[in-house]
Amino acid sequence: MATAWWLRSPGDPSAATPAPGVQRPQALAAAPTAPPSKAPIAAASAASSARPLSALGEAQRREQLALWQGRLVRARATLEAYQIAARYPHESRPIEEHPDQVRPFAPIAEDRALRMPGGAPTQGVHLRTTQERVFAAGLESSRITLTLQDDNGRPLPLRVLRAVQKEVTPPERPPTTREFAIPINDSGTQGDAQAGDGVFTAVMQPGTQGFAGFAGTVRLELHLEYAGQPGFIYFDLVYSPEQAATWLPGVREVLANGSLELFVKAQVALPGRYVVSGRIDDAEGKPLALATFNGEVPAGVAEFKLPVFGLLIREKRPTFPLVLRDVEAFLLKPDTFPDRVMLPRLAGTVHTTRSHPLAAFSDATWSSEERDRYLAELGRDLAQAEDKVREFGP
């Protein structure tokens, strides 16, 4: 969830890893291919001398000039793009850079076909589904909805013949848990039953449905039927039984170094790298920024800093007070599956800031060794291209 992209200088095999959430710009073209012999280069370098080039030398000079002119355009555009993107630090970015993160807790909605595995879809009908989440930990649950509709969106009579949860394991490994059947019917009296409006609802809660000791993918399989046509659909939930940390009440707010810093508190049970993100809205509900934390945290009471960069505030001119909402977090577990342990969601408003005047925030761009290093590298690329254009120019 950090927020910058990195480029390598030509010929440098080591490139910094791009931070998630930001598109990488078009890479600079590779260094020009060396000509077949040294003679064309010598002829090209003599373009400005009194002695005229041969027809071959002149053609090769023009070819080299066109190549470096194209590279000059790309080098200049890349440098300008980086200068714009690197105005803000990774951990405090405009929300428009992350449109998929504006409403992170919205159910995942899909339009799927009624079919059997490998079979042809039933024409004129649509399975409209929603899934509340795809990662869960501890006693968290994920709500599933399902309805069958025609091409005009009208509900159709659907039967759920069987609904069962099972663990997803490699073929060579036997399951460690038993299947768990979820009753779904049309009584309209249970949370997992049809409510009489054509919408079926199921709740996946692995921690209470026989998977409390299992870490991995839990799958809900639904066997369906409509007008004699069978169908099959499934929903996957990546589950971890661990509890990495619990949230503590209160958010600490600090105005420091010309930026606004919000500290969310937690009691950390499992030390490691935590990734935390929160959305910042202005007083009118307009999304402003995505603030993130990504760092190593020891066990015990911890604070996750979610900053709102001063220049971002100065340029966007939001209406105060600001609102921190929809905070999500997980413990990252590299080289294993599941690769994360989720913390409970903090949905809705988590903190409302004090009102601050715009003048309280700095209008300085982000400054760091990393930014200076990349600006220097991109500047060298630009200077090299400019020198080559002059060398091969008329």
Side-chain angles (χ1 to χ4, degrees), residues 1-5 19-23 81-106 245-267 274-295 297 301-330 343-368 370-371:
M1 301 180 199
T3 53
W5 42 259
V22 173
Q23 295 180 346
Y82 181 78
Q83 288 172 328
I84 293 173
R87 299 196 315 278
Y88 316 126
H90 315 319
E91 62 271 13
S92 183
R93 305 299 300 184
I95 195 65
E96 59 263 26
E97 293 181 353
H98 304 272
D100 61 325
Q101 291 293 313
V102 176
R103 305 293 172 189
F105 302 151
T246 56
W247 297 111
L248 296 176
V251 174
R252 187 164 64 91
E253 175 182 342
V254 177
L255 191 61
N257 301 316
S259 296
L260 184 63
E261 299 175 350
L262 304 177
F263 293 84
V264 184
K265 305 173 185 178
Q267 180 71 44
Y274 280 78
V275 180
V276 186
S277 63
R279 288 86 199 147
I280 308 295
D281 293 348
D282 71 2
E284 299 174 353
K286 181 180 179 181
L288 171 68
L290 179 69
T292 60
F293 171 90
N294 187 332
V297 179
V301 176
E303 288 187 321
F304 305 122
K305 183 174 74 172
L306 302 177
V308 190
F309 193 57
L311 179 61
L312 194 155
I313 294 176
R314 291 290 290 261
E315 292 184 344
K316 299 298 182 180
R317 305 180 68 88
T319 303
F320 275 84
L322 303 183
V323 173
L324 170 65
R325 63 166 173 87
D326 294 346
V327 174
E328 60 180 343
F330 59 87
L343 274 67
R345 293 175 170 180
L346 295 179
T349 298
V350 177
H351 176 73
T352 301
T353 73
R354 300 187 295 273
S355 291
H356 300 279
L358 198 63
F361 299 98
S362 172
D363 59 0
T365 58
W366 174 50
S367 177
S368 72
E370 177 186 286
R371 181 177 185 273

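- Looking only at distances, no side-chain donor or acceptor of S362 sits under 3.5 Å from a matching main-chain atom of G258.
- Residues L358 and I313 are in side-chain contact: their nearest non-hydrogen atoms beyond the backbone lie under 4.5 Å apart.
- The closest side-chain heavy-atom distance from L288 to L312 is below 4.5 Å.
- Separation of atoms CZ (R371) and NE2 (H90) is listed at 11.5 Å; rounding is to 0.5 Å.
- Looking only at side-chain heavy atoms (C-beta outward), L260 and F361 come within less than 4.5 Å of each other.
- E97 and Y88 share no side-chain donor-acceptor pair at under 3.5 Å.
- Annotation: the span from L306 atom CG to I280 atom CD1 amounts to 7.0 Å, rounded to 0.5 Å.
- Looking only at side-chain heavy atoms (C-beta outward), E328 and F105 come within less than 4.5 Å of each other.
- Taking the six-membered ring for Trp and thresholds of 30 and 60 degrees, F304 and F293 have ring planes inclined between 30 and 60 degrees apart.
- Contact detail for P307 and E91: the closest heavy-atom pair is CG-CG, 3.4 Å.
- Looking at V301 and L248, their side chains come closer than 4.5 Å, going by heavy atoms from C-beta outward.
- Minimum interatomic distance between E284 and T319 (heavy atoms only, all atoms of both residues): OE2-OG1, 3.6 Å.
- Nearest heavy atom pair, residue R279 against residue D326, reads NH1-O, 2.7 Å.
- Remark: side-chain polar atoms of T365 are not paired, donor with acceptor, to backbone N or O of R87 under 3.5 angstrom.
- Smallest separation of non-hydrogen atoms from P344 and W247: O-NE1, 2.7 Å.
- Scanning for side-chain hydrogen bond (donor to acceptor under 3.5 Å, both in side chains) contacts around K316 gives E96, with sequence neighbours left out.
- Among all heavy-atom pairs drawn from E253 and T352, the shortest one is OE1-O, 4.3 Å.
- Note: H98 NE2 to T292 OG1 = 7.5 Å, rounded to the nearest 0.5 Å.
- For K265, the NZ atom sits in a packed shell: over 12 heavy atoms of surrounding residues, nucleotides or ligands are nearer than 6.0 Å.
- Looking only at side-chain heavy atoms (C-beta outward), D282 and L322 come within less than 4.5 Å of each other.
- Under the 4.5 Å side-chain criterion, counting only non-hydrogen atoms from C-beta, R252 is not in contact with H351.
- Considering all non-hydrogen atoms of both residues, P287 and D281 come closest at CA-OD1, 3.2 Å.
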